[in-house]
Every structure is written in C-alpha cells, then in structure tokens.
2 protein chains.
Amino acid sequence: MADIKQGKIKSRESQLSTTLKDQLRCQSCGLTPLCLPVGMSEAETEKLDSIVHRNTPYHKGDHLFRQGDKFKGIYVITSGSVKSYYINKHGEECIVGFYLPGELIGLDAIHNRVYSCSVAVLETTSACEVPFSQLQSLTSEIPSLQHQLMCLLSKEVHNDCEMVAILASHSAEERLASFLLSLSSRYKSRSLSALEFNLSMSRTEIASFLGHAVETVSRTFSRFQEQGLLEVNRKQVKLLNIEALADLGGNTLTSSTTGFP
Amino acid sequence: MADIKQGKIKSRESQLSTTLKDQLRCQSCGLTPLCLPVGMSEAETEKLDSIVHRNTPYHKGDHLFRQGDKFKGIYVITSGSVKSYYINKHGEECIVGFYLPGELIGLDAIHNRVYSCSVAVLETTSACEVPFSQLQSLTSEIPSLQHQLMCLLSKEVHNDCEMVAILASHSAEERLASFLLSLSSRYKSRSLSALEFNLSMSRTEIASFLGHAVETVSRTFSRFQEQGLLEVNRKQVKLLNIEALADLGGNTLTSSTTGFP
DNA sequence: CGTTACCTTGAATATGATCAACAGGAGTGG
DNA sequence: CCACTCCTGTTGATCATATTCAAGGTAACG
C-alpha cells in the first residue's frame with residue numbers, strides 16, 4: 001500500500017560521478033570474498049564488473065522488483081538491507097527473508113524466470129544488479145564464476161533449510177533467539193559487530209517473518225532483557241549472553257553456520 | 001538409534017542383472033523431464049548416465065548419508081521417498097524435508113562439502129547417486145547440463161522459500177493443509193494421483209516437519225475428515241475438497257507452484 | 001508542537017502442548 | 001490360525017503459551 005507512488009521511478013543508472021564509480025568496482029569492493037568474484041582473476045573480475053549495473057541508492061520503501069515481475073537478473077546488496085515478501089490470500093504481507101550486504105537476491109527466480117516475491121528496501125540501500133543472461137554467458141567463459149554461482153545457490157539452499165528448522169521450533173523464545181543469532185553471525189562474517197547492531201526491520205516485520213504476533217515479539221524481547229540475555233532499545237540491540245541465547249535457539253542445523261560452536 | 005546396525009552395509013553397486021540395468025538408464029527413465037538431462041542430446045545424456053551409480057534398493061531406515069559426512073555427490077530419488085533430518089541439542093530428530101521421485105538431495109552440501117542433514121529412507125526406495133566431481137567436469141562439456149543444474153538449484157531455493165512461508169503461518173490447519181497440497185501437487189507433476197495417495201511418513205514425522213505435536217496432527221486430520229475435506233485412514237489419504245484446503249493453506253507463495261490456481 | 005506510526009504492556013481468550021488412556025494393525029511365535 | 005506384544009495412531013482432559021483486543025507511551029517527522 002505504502003508505495004504505489006511508482007511515478008517517481010526514474011532511470012537510476014549512471015547518475016554517479018566518474019570518481020565515485022571507480023570506488024564502486026568489483027575489484028575494490030569489500031564484499032568480494034562473499035560475492036561472485038571468488039576465485040576469479042583480475043581480468044575475469046573486470047569482465048564481471050563490466051556487466052554489473054550500480055544504481056543510485058534506494059530509499060526506505062523502494063522496491064528492487066515485485067512479485068510476478070519478469071526475471072531480469074540477480075541483485076547483491078552492497079549496503080543497507082531489504083526484505084523479501086509476498087502478499088497472501090488475506091492481503092497480508094508475509095515476510096520470507098531479510099538480506100544483508102553480500103547476500104544475493106532473486107536466485108529462486110532463475111528456474112521459471114519470474115520473481116516469486118517482492119523485495120523492498122528497509123533503509124537506504126545500495127545494490128548491484130547482475131543481468132542474468134549476460135551472467136550466464138560469462139559463466140561459460142569463466143569456470144570459477146560458474147563454480148561460485150553454484151556455491152552461492154547451494155549456500156542459499158542451506159540457509160533456507162536452516163530457516164525451516166528455526167520455524168519448526170515451537171516456542172517464541174527459540175525462534176527469536178535463533179533469529180538474533182542468525183543476524184549476529186551474518187554481521188560477524190561481514191566484519192561488523194556480532195554483539196551490537198541495529199535492527200533495520202520493525203517488530204511487525206520480525207513477527208511476520210517468525211510467524212508470531214507483534215505483541216509476542218515485543219514481549220519476548222522484554223523477557224530476554226529481564227533475563228539479562230540482551231539489552232534492547234527500539235531498534236538497537238546488544239547481545240549480552242550469546243551462549244544462553246544459543247541454548248534457547250537449539251534448533252540450528254550446524255553450529256558452524258551460526259559461528260558460535 | 002534404530003539403525004546403528006551398519007554392519008549390514010555391503011557394496012550395493014552392480015548387483016543388478018544386465019537386462020535390468022538397461023531399463024535403468026537416464027535415456028529410458030520416466031523422470032527425465034524433472035531431472036538433470038533436460039535439454040540434453042542423446043549422446044550427452046549417455047555421458048551423464050555413465051557417471052551415475054545405481055545402487056540396489058534401500059529399505060526403510062537405511063541412510064543415504066549422515067549429517068557431517070563428507071559430500072560425495074547428489075542423489076535423485078527414482079522411486080520411494082526419504083526424509084532429511086538433523087538431531088537437535090535435545091537429541092530430538094527434526095525433519096527438514098521429504099523427497100519424492102525426481103527430487104534432488106544434497107544440494108545444500110555443494111558449498112561446504114559436508115552434508116548438513118542425514119537422509120533416511122521411509123519405504124523401499126531407489127536412488128541415483130551422481131558423484132559431484134564428475135558431474136562438475138561434465139557441466140563444462142555440456143552447457144545444458146550446467147543450465148539445468150542451476151535451474152534445479154533455483155527450484156530448490158524456491159521450494160524452501162515456500163516452506164518458510166508455510167511454517168510461518170500460525171495455525172495447525174493451515175500448515176497441514178499446505179503440506180497435503182504440496183504433496184498432492186508433487187504427485188501430480190509426477191503423473192500420479194493428486195487426490196489419493198499414501199503418506200510414507202508417520203504422524204510423528206509430519207509433526208516434526210510442521211513443528212507440531214503428534215496429537216495436534218492427528219486431531220487436525222480428524223477435523224478435516226469431519227469437515228468433509230478429506231478421507232483419511234492411517235497412511236491412506238483421499239482429498240475430497242481441494243479448494244477448501246487451498247483456502248485454509250492460504251500461505252502459498254505462488255498458486256502456480258501448488259498447481260491449484 | 002502536534003500528529004503519526006511504532007512499540008510496549010495488560011487482561012481475556014483461544015489454540016496447541018502435555019499427560020494419560022485406549023484402540024487397532026502389524027508382526028511374532030507358538 | 002490364534003494369542004501375544006509392540007507400535008502407531010486416536011481421543012480426552014488439563015495446562016501452558018501465544019493471540020487478540022485494548023490502552024497507553026515514546027520516538028520520529030512534518
């Protein structure tokens with residue numbers, strides 16, 4: 001509802017100065033170890049870089065694409081965060097995932113060429129757009145690109161399995177603990193603080209994602225705080241007792257993925 | 001616990017007669033349209049076929065592999081069904097997915113070369129084992145194989161997202177309805193009856209998968225029967241009112257994936 | 001400075017979990 | 001073939017947990 005104001009969509013492409021553009025190349029991007037160019041030579045990375053579109057930053061509420069749109073390519077968040085959601089039969093927004101810098105979006109649309117979810121921006125966010133047809137041509141030239149793309153797809157499958165495991169856990173405490181630990185480990189692998197971070201999503205959005213009522217999420221946060229597991233003030237979260245949280249969220253597939261053995 | 005009797009593991013390979021083996025080639029397999037050989041020439045399919053291992057059938061309780069095992073390859077169920085599960089911190093079995101003929105298993109292990117779940121057989125089951133290193137070599141020779149592998153990975157991501165959506169739905173009725181519809185549409189796309197089928201998994205296993213107590217699953221089945229939505233007798237299920245079930249399980253990502261628009 | 005949206009908390013209600021008992025098949029061994 | 005046990009599934013009663021409805025508080029924003 002909030003963003004039917006599509007009239008303001010403009011050509012985001014190429015509105016950046018040349019000097020800024022130089023800083024925004026795959027070769028100099030800090031996310032490279034998580035992204036597509038893993039294992040690629042300088043020359044190969046340059047080829048990949050040449051097909052990538054970098055748009056002007058998106059703002060809260062903007063959409064990368066919408067449910068049902070024709071599949072054009074995959075997106076990689078470079079800064080900020082987004083939510084992936086669909087509208088169910090009752091007209092409610094159901095959130096299927098959150099994506100942080102370095103994470104790929106749209107992988108589920110490769111097989112049928114249609115985006116099955118909408119992706120909206122939670123805060124000011126930059127993303128790279130990789131047109132899929134061109135990417136596919138490149139993979140036949142660059143074996144390590146093909147390999148890395150497959151690895152990233154596999155990783156996505158793995159993450160989704162883990163999410164299924166979290167959601168099958170009954171209690172609100174387990175789910176929220178697992179959710180926070182997931183965020184924490186993802187921040188950690190991006191060299192950000194694993195213990196103190198900002199939630200870019202609202203309580204309502206967390207609730208939708210975890211399959212709970214907003215009030216339950218809020219109460220669970222409060223309970224965690226009372227128990228000294230964390231400090232929370234609106235969006236600001238500080239994890240105080242990771243081990244206890246990990247004990248609660250006992251439903252992680254592998255301890256290696258949480259980063260907390 | 002039930003299957004520590006691993007002593008009985010023998011070389012399953014090549015215990016089949018030559019005539020039987022001829023029937024078990026990719027070229028003559030009915031699952032081809034769902035599996036890897038999509039879009040491949042006769043000669044290419046033959047190449048793929050030559051790297052595939054076909055073991056003697058597995059029996060209930062047998063394992064294809066176990067959580068933590070080194071990744072060797074992906075498996076495709078050709079008949080029967082399996083469950084994928086892990087053991088959580090409390091020692092409980094948590095089921096992450098069920099797989100039917102034509103579905104690929106182990107895709108989540110490509111990126112880190114370790115199976116993150118155990119996969120056990122629910123009934124007498126046949127499967128093809130595709131060694132990954134050889135498959136990867138083939139993909140560079142056969143572009144359509146690479147493409148199809150990517151598509152299958154993408155489809156898996158899509159299915160998992162859908163599962164997340166189902167599990168985020170609150171009520172027991174919604175979840176069970178979605179689960180049954182998912183099975184139904186998968187049987188349908190395998191040219192089996194979409195309305196009448198056998199559940200190869202126990203109530204306990206359904207409960208574990210959906211994140212409910214056994215009793216809840218049992219009661220929900222009974223309620224569906226009282227409402228005339230289905231007939232159920234132990235494992236035998238007959239769906240009587242698909243539309244009503246679809247209304248309940250309103251949390252499917254895309255109607256196209258359920259096959260019931 | 002006032003409005004709005006978001007978050008939190010409280011009380012009542014509904015839903016599912018748990019505990020317990022029982023029914024009915026499947027399989028076993030006589 | 002029957003009697004037996006074991007296992008799975010069903011049903012009932014009670015209890016715990018999360019939802020819902022309601023109200024109030026607080027940060028954000030124009």
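Computed from a predicted model, the values in this text were never measured in an experiment. Residue numbers begin at 1 in each chain, while the letters A, B, ... track the order of the sequences.
- Of all non-hydrogen atoms in A:Leu248 and A:Phe224, the two that sit nearest each other are CD1-CE2, 3.4 Å.
- Between A:Leu176 atom CG and D:dA18 atom C1' there is a gap of 14 Å when expressed in whole angstrom units.
- Rounded to a whole Å, the CZ atom of B:Arg175 is 15 Å from the P atom of C:dT15.
- When the side chain to side chain contact (heavy atoms under 4.5 Å, CB included) test is applied to A:Val214, the partners found at least two apart in sequence or on another chain are A:Arg203, A:Thr204.
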Protein-nucleotides 7-10 of chain C N/O pairs closer than 3.5 Å?
unit_1, atom_1, unit_2, atom_2, d
C:dC7, OP1, A:Arg203, N, 3.4
C:dC7, OP2, A:Arg203, N, 3.1
C:dT8, OP1, A:Arg203, NH2, 3.2
C:dT8, OP2, A:Arg203, NE, 2.7
C:dT8, OP2, A:Ser218, OG, 2.9
C:dT8, O5', A:Ser218, OG, 3.1
C:dT9, OP2, A:Ser222, OG, 2.3
C:dG10, N7, A:Arg219, NH1, 2.9
C:dG10, O6, A:Arg219, NH2, 3.2

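- Residues passing the side chain to side chain donor-acceptor pair (under 3.5 Å) test with B:Ser182 are B:Arg186, sequence neighbours excluded.
- Spacing between atom CD of A:Glu174 and atom C1' of D:dT17 amounts to 13 Å, rounded to whole angstrom units.
- Look at CD on A:Glu93: it is 11 Å from P on C:dC6, rounded to the nearest Å.
- Within the structure, side-chain hydrogen bond (donor to acceptor under 3.5 Å, both in side chains) pairs that include any residue of residues 222-233 of chain B comprise B:Glu173-B:Arg223 (at least two apart or interchain).
- Qualifying side chain to side chain donor-acceptor pair (under 3.5 Å) partners for A:Ser218, counting only residues two or more places apart in sequence or in other chains: none.
- Looking at residues two or more places apart in sequence or on another chain, you find a side chain to side chain contact (heavy atoms under 4.5 Å, CB included) between A:Ser208 and A:Ile95.
- Taking atom NZ on A:Lys60 and atom P on D:dA28, their separation rounds to 11 Å, with Å as the unit.
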Any N/O pairs under 3.5 Å between the protein and nucleotides 2-4 of chain C? List them or say none.
none

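- If you take CD of A:Glu92 and C1' of D:dT20, they are 14 Å apart, rounded to a whole angstrom.
- Scanning for salt bridge (Lys or Arg N to Asp or Glu O under 4.0 Å) contacts around A:Lys83 gives A:Glu93, A:Glu205, with sequence neighbours left out.
- Checked against side chain to side chain donor-acceptor pair (under 3.5 Å), B:Arg190 has the following partners two or more places apart in sequence or in another chain: B:Glu103.
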